[in-house]
Amino acid sequence: MKTRELRQKFLDFFEKKGHKIVPSSSLIPKDPSVLLTSAGMQQFKEYFLGEPSPYGKKVASSQKCFRTSDIEEVGDVSHLTFLEMLGNFSFGNYFKEEAIKLAYEFLFKKLKLPLKEARFTVFGGDKEVPLDEESILIWKKLGIPEEKIKKCGREDNFWGPTGVEGPCGPTTEIHFGGVEVWNIVFNEYYCDSKKKLKPLKQKGVDTGMGLERLAMVSQEKTSVFEIDLFEPIIKEIEKSSAKIYDKNSKDYRIIADHIRGAVFLISEGIFPSNVERGYVLRKILRRTIRSRRLLELQTNFLFSLAGKVIETYKDIYPELSSRQADILTVIQKEEEKFRRAIEQGIKEWKILSKILSKAGRGYITGKEAFSLYETHSISLESIEELAKESGIKIKDKEGFKKAFKKHQEVSRAGAEKKFGGLGKGATLKAVKLHTATHLLHQALREVLGDDVKQMGSDINPQRLRFDFSHHQKMTEAEIKKVEDSVNEKIKKDLAVKKEEMPYEKALKSKALAFFKEKYPEKVTVYSIGGFSKEICAGPHVKKTSELGRFKIIKEESSGAGVRRIRAILE
Ligand code: GLY
């Protein structure tokens, strides 16, 4: 059965069983403590906690997911970064018996998958959570012999929470050929930010079944990369590479997986950068480019392959068509940027290795390797390859790792400083520019669309600087529109209101927040009239008329997919 039929069969099956079918949510989750959506339950998190669900108590979906934790695993038979997750969910409705029976009916009656080959796991119990005897009994009642039901620990059979806190619970899983295909989670606990488990007010069910893995079993393939969805992509690589799939399957698979992941990430308005989601995108694109080189494929190959991915998915995910131009340009630009970085890095490497051989030194230190990484974004992997080619060793990789950790800490501290408000010494001019920054942020979203996300902000008493995600140079007309919109708000003399509220409430009220910033439980929200609302430490002016005239003095690029505006108040 084709993958698209499987997806539809799953949704039809659960619809007939009284579930409301809910469309996939974005890959960018509402929960700012989570980088990317990695499970179907994320968009339903609060309904597990007892908030009334607008969809009713039983829902099902096919959710776009991206699992950064699996990037390094890609290349084996079953791991993917981007995947579609089929799931059925109960918010205080059915529990273990019905969830297991539904899974059994769908897999073995509806799809007629080979029951003989299936294996099952349940939670084996530990100090905090007891053995899941009930699930064992239910499987046995369905005719599964006890020797096919394995008891496992926390690592394997306990799921959640996503983010810093949330619902979680023991699981029962269905495996085929050693690959986990369906994970059924019994949400009975709330895990708080200190990792303490408390019973939930209502019990729920959250299941996750990777569509590609299901297709692999249903189509009797040995890896997810051989299913119908990937076939055209693998074939396309085969056509253009002199190296065959069999021996080079890892690089084939990396390209196939990562190009698909990259297409979906870019379609969500994510652009390559050195932080957060942009960094994930840059990382998978660079790994793709590396594999492309190893398979001796042309530079423009990835570009055309991305077109094939869009072709395959565009009827199910229309956002791919509407952002096609962006997707292709980003991939092309990143490849170009990477090529330049590598060339520069190789040049530098040559100089370095000459110096080393003159000095009679056959190694570089981890710190030196890190400096190559820092200035030219050449990964440790690539440095290792260059080193091998020229017979030079990297002496202490630990040194590299240490330097890398320090670098991350420094960037994190920098980000906190930037986002953490202006501090005590702020001059009145800087305070005004800060309020103007909020107006600018919202005006940009109005004129260019909600994809505009703040990437950075810097204020000094002379000017404001604002970096945001946007893929094109702004036109004169757009700049004027933004400027006019800000000046109109200034003229209207809108009141700037400061409120304290729980963080969750702030998010619900659609206040803009910075991704991954660690917010305290109570946050300050600044709103300007009905126009702008942001979680922010302040300070701000009381009324917009205090600002004077707002003027954009420069709009320029600040990295791939990021624009920078400098503006002043006259
Ligand atoms: N939420 C269950 C899973 O993704 O496996």
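Excluded from the calculations below are hydrogen atoms, water molecules and symmetry mates; all remaining heavy atoms, backbone and side chain alike, are included. Remember, it's 1-based here, ligands and their atoms both numbered in the order they're listed.
- Atom 1 (N) of ligand 1 has D206 OD2, 2.9 Å as its closest protein atom, hydrogens excluded (heavy atom only).
- Figure legend: K96 and F186 shown as a cation-pi pair, the cationic atom lying under 6.0 angstrom from the six-membered ring centre and within 45 degrees of its axis.
- Residue W159 holds the heavy atom nearest to atom 3 (C) of ligand 1 of all those in W159, F44, F89.
- Here H471 pairs with nothing under the side-chain hydrogen bond (donor to acceptor under 3.5 Å, both in side chains) rule; sequence neighbours left out.
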Under 3.5 Å, sequence neighbours excluded: what are the donor-acceptor pairs made by side chains of residues 173-182?
from	atom 1	to	atom 2	distance (Å)
E173	OE1	H175	NE2	2.8
W182	NE1	T207	OG1	3.0

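- Near M85, meaning under 4.0 Å from one of its heavy atoms, ligand 1 places the atoms 4 (O).
- Two rings, from F91 and F44, have their centers less than 6.0 Å apart.
- Residue contacts with ligand 1 include R67, since one or more of its heavy atoms lies under 4.0 Å from the ligand.
- Proximity to V185 (heavy-atom distance under 4.0 Å) selects the following atoms of ligand 1: 2 (C).
- Scanning the protein for heavy atoms near atom 5 (O) of ligand 1, the closest one is N183 ND2, 3.0 Å.
- Contact check on K17 versus E105 returns a salt bridge, with a Lys/Arg side-chain nitrogen under 4.0 Å from an Asp/Glu carboxylate oxygen.
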